[in-house]
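Shown next, in structure tokens, is the structure this report addresses.
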Amino acid sequence: MTSDILNKLRELLPTDQVLTGEDLNDRYHHIWHMDQALRAKAYLLPKSTEEVSQIMKLCHQHGQAIIVFGGLTNLVGSTETDGDEVIISMEKLNHIEEIDEKSRTITVNSGVVLEQIHQAVKEKNLLFPLNFGAKGSAQIGGIISTNAGGLRVFKYGMTRHMVLGLEVVMADGTIISSMKKIIKDNSAYDLKQLFVGSEGTLGIITKAVLKLVEAPTSRNSAFIGVNEYDQVVNLLKYLDSGLAGNLSGFELIWNHSYRAFTNPSTSVKPPLPYDYKYYVLVESLGNDQQKDHDILSDLLEAALERDMIADASMAHTESDIDWFWRIREDVHVLKSLCNNDQHFDISLPIPLIGTVIADIIERAKDIDEVEECFAFGHVADGNIHFIFGKSEQTDEVISKINDLVYGQLKAIGGSVSAEHGIGNHKKPYLHLCRSTEEIALMKLLKKSMDPLGLLNPGKILDMSLPD
Ligand SMILES: Cc1cc2nc3c(=O)[nH]c(=O)nc-3n(C[C@H](O)[C@H](O)[C@H](O)COP(=O)(O)OP(=O)(O)OC[C@H]3O[C@@H](n4cnc5c(N)ncnc54)[C@H](O)[C@@H]3O)c2cc1C
């Protein structure tokens with residue numbers, strides 16, 4: 001059976017697009033696990049939508065499960081394999097087809113890396129606003145499949161707000177194409193949105209039309225020290241109103257994480273002393289560098305005078321801005337300080353963040369195996385990340401920490417995933433933020449779009465459990 005489908009895949013694709021056996025040794029399932037050899041039946045490298053469709057027709061005939069690989073930067077185990085799957089990697093489907101300056105759209109293959117899009121549209125004085133630490137590896141297909149968020153959601157929204165058109169290959173190989181550049185389209189169900197955030201479980205994204213905006217010509221940033229969480233919330237309202245729509249980033253870093261992000265082994269110096277409980281990193285995007293710099297600077301000076309904040313450091317040059325954001329974006333620094341790292345990405349009402357997170361950090365001290373606990377996040381979106389380091393990687397310890405972090409979410413109307421998705425790791429906790437009826441409807445959708453359960457099996461939903 002296995003050799004049958006492998007032979008057919010080899011007949012379908014050129015030799016260098018079908019990797020098996022020892023050729024898999026230098027492949028991996030995640031950029032942070034390059035030392036673990038990939039377990040899979042075969043690794044395919046299609047170069048066109050037609051090839052993806054032919055692969056899926058074959059897999060459908062043979063009941064062969066597949067996993068799509070994008071940039072492999074997800075943080076929920078959604079590209080983990082068990083050895084029986086065929087991998088479809090999108091890395092060779094990586095062309096930018098068109099930048100339409102008048103429609104302000106870009107049309108791309110799904111294997112195009114986010115940073116490539118940033119560079120290409122910058123040359124046309126346009127901006128694709130999505131931005132996050134993994135931009136040098138994450139591919140647009142993976143980004144759409146996880147509905148990624150990041151550092152500018154507050155101003156521009158999540159990925160789903162930027163997708164105008166999609167081309168998708170379904171489980172049976174059917175190609176669904178709606179590559180329109182129009183902004184409004186209420187002609188019945190918005191099918192493309194089904195695939196946004198579905199983590200490769202409903203279809204394989206091969207192309208996308210993305211919405212662009214005019215590139216701002218000014219960018220300003222500041223690091224701000226604050227000692228009370230209520231001041232963080234007040235500062236958000238104050239800057240949002242004072243910057244009149246130009247506030248584009250508002251990131252919160254707890255003191256312990258700030259120290260770690262800027263520890264001596266990194267090449268970055270701390271812009272502010274280690275004296276404050278919280279550090280807020282803000283970004284404003286506008287159209288007049290000097291004027292916008294002065295507006296932010298004046299607002300911060302007034303905030304200092306009124307004791308709304310404890311300290312602030314303005315970035316005065318482009319390299320200052322890069323320095324500030326490198327601190328926040330280099331999450332790998334925190335990960336490298338953790339044994340057996342465990343990541344969280346929770347959503348909660350903004351006013352409750354201070355007390356809920358303080359409570360989690362305090363109670364984590366009672367778990368003997370917890371060695372590290374870093375908190376930081378996109379506070380203006382109500383989205384906080386945690387990275388825990390621990391002495392043991394047993395299921396029991398993992399569950400203890402999950403129970404600690406997720407414990408209060410249902411009662412306060414939060415979510416176990418603000419932006420990373422569910423994948424493998426959060427599957428047992430989906431019921432904390434989705435009702436039984438919602439999960440049943442999700443399963444119905446999965447069954448009707450992928451009746452043989454071939455696409456990324458076992459991820460998001462446990463189809464073997466009763467509804
Ligand atoms: C340092 C770092 C910082 C990060 N910061 C953020 C952040 O701020 N915000 C945020 O939202 N995320 C963040 N992430 C998580 C991650 O970068 C995102 O989830 C990203 O969108 C994943 O894209 P990818 O191409 O790496 O996808 P992969 O990891 O390759 O895949 C993710 C999922 O999408 C599926 N998939 C991939 N390509 C396709 C396709 N073409 N069609 C269908 N399914 C597909 C996969 O099967 C898998 O289920 C961060 C990760 C790292 C390592």
Side-chain angles (χ1 to χ4, degrees), residues 28-33 46 49 52 56 65-81 85 87-94 108-117 130-154 157-160 166-171 192 194-208 249 251 261 325-326 328-336 341 343 345 347 376-378 381 383-385 387 417-425 427 450 455-460:
Y28 41 85
H29 73 83
H30 194 274
I31 54 159
W32 286 348
H33 299 289
T49 304
V52 177
M56 281 320 300
I66 69 101
I67 304 183
V68 189
F69 275 17
L72 303 175
T73 68
N74 71 87
L75 297 171
V76 290
S78 57
T79 44
E80 287 172 359
T81 66
E85 306 93 344
I87 306 302
I88 303 182
S89 167
M90 305 311 276
E91 66 198 66
K92 291 200 185 296
L93 248 164
N94 60 359
V108 290
N109 292 161
S110 58
V112 173
V113 170
L114 178 57
E115 210 162 45
Q116 239 180 298
I117 297 178
L130 199 73
N131 190 22
F132 53 91
K135 58 180 173 272
S137 303
Q139 298 175 4
I140 198 65
I143 289 169
I144 294 171
S145 302
T146 51
N147 184 29
L151 303 162
R152 291 185 179 143
V153 170
F154 177 67
M158 304 279 283
T159 300
R160 72 169 73 254
L166 273 193
E167 179 185 80
V168 181
V169 175
M170 305 295 292
K192 67 178 179 296
L194 281 180
F195 301 100
V196 182
S198 68
E199 297 178 55
T201 61
L202 297 181
I204 303 175
I205 297 165
T206 46
K207 275 187 202 172
E251 295 290 309
F261 269 126
W325 283 92
R326 215 171 334 124
R328 168 59 186 86
E329 286 179 26
D330 202 353
V331 175
H332 199 266
V333 169
L334 305 188
K335 180 197 153 25
S336 66
D341 49 305
H343 295 251
D345 162 43
S347 244
F376 57 98
H378 317 297
D381 314 325
N383 172 193
I384 300 303
H385 298 308
I387 305 180
S417 172
E419 54 182 17
H420 293 164
I422 296 298
N424 251 350
H425 300 168
K427 208 167 44 167
D450 178 18
L455 300 172
N456 214 350
K459 308 291 166 30
I460 303 185

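Predicted model only: the values in this text are computed from it and were never measured. Note that ligands are numbered from 1 as they come in the structure, with each ligand's atoms numbered from 1 the same way. Note that these values count all heavy atoms, side chains included, but never hydrogens, waters or copies made by symmetry.
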Give a yes or no answer on whether the side chain of [X] reaches the backbone of [Y] with a donor-acceptor pair at less than 3.5 Å.
{"X": "Thr79", "Y": "His29", "answer": "yes"}
{"X": "Lys459", "Y": "Glu80", "answer": "yes"}
{"X": "Asn383", "Y": "His378", "answer": "no"}
{"X": "Asn424", "Y": "Lys427", "answer": "no"}

Record the part of [X] in heavy-atom contact with ligand 1 below 4.0 Å; permitted values are side chain, backbone, both and neither.
{"X": "Met90", "result": "side chain"}
{"X": "Thr146", "result": "side chain"}
{"X": "Ala134", "result": "both"}
{"X": "Ile144", "result": "neither"}

Exercise. To the nearest 0.1 Å, how far is atom 16 (C) of ligand 1 from its closest protein heavy atom, and which atom is that?
Worked result: Thr73 OG1, 3.2 Å
Problem set entry | atom 27 (O) of ligand 1 - nearest protein heavy atom and its distance | Gly142 CA, 3.4 Å
Under 4.0 Å from a heavy atom of [X]: which atoms of ligand 1 are those, numbered in the order shown and with their elements?
{"X": "Gly70", "answer": "25 (O), 30 (O), 37 (C), 38 (N)"}
{"X": "Ser110", "answer": "41 (N)"}
{"X": "Ile204", "answer": "42 (N), 43 (C)"}
{"X": "Gly203", "answer": "43 (C)"}
{"X": "Asn456", "answer": "47 (O), 49 (O)"}
{"X": "Ala148", "answer": "11 (O), 21 (O)"}
{"X": "Ser78", "answer": "32 (C), 33 (C), 48 (C), 49 (O)"}

Exercise. Going by distance only, is there an N or O of Glu329 that falls short of 3.5 Å from an N or O of ligand 1?
Worked result: no
Problem set entry | Heteroatom distance test (Leu151, ligand 1): nitrogen or oxygen, under 3.5 angstrom | no
Can you tell me how far the [atom1] atom of [X] sits from the [atom2] atom of [Y], to the nearest 0.5 Å?
{"X": "Ile205", "Y": "Ser198", "atom1": "CD1", "atom2": "OG", "answer": "6.0 Å"}
{"X": "Ile117", "Y": "Glu115", "atom1": "CD1", "atom2": "CD", "answer": "11.0 Å"}
{"X": "Asn109", "Y": "Gln139", "atom1": "CG", "atom2": "CD", "answer": "10.5 Å"}
{"X": "Ile204", "Y": "Asn456", "atom1": "CD1", "atom2": "CG", "answer": "10.0 Å"}

Exercise. What is the ring orientation for His385 with His420, classed by angle as parallel under 30°, tilted 30 to 60°, or perpendicular over 60°?
Worked result: parallel
Exercise. So between Gly150, Gly71, Gly200, whose heavy atom ends up nearest atom 24 (P) of ligand 1?
Worked result: Gly71
For this session: Could you tell me whether the side chains of Thr201 and Glu199 share a donor-acceptor contact shorter than 3.5 Å?
Result: no
Exercise. Does the side chain of Asp345 come under 3.5 Å of the side chain of His343 through a donor N or O and an acceptor N or O?
Worked result: no
With a 4.0 Å cut-off on heavy atoms, is [X] in contact with ligand 1?
{"X": "Gly423", "result": "no"}
{"X": "Trp32", "result": "yes"}
{"X": "His378", "result": "yes"}
{"X": "Lys459", "result": "no"}
{"X": "His420", "result": "yes"}

For this session: Please report the closest heavy-atom contact between Leu455 and Met56, naming both atoms and the distance.
Result: CD2-CE, 3.9 Å
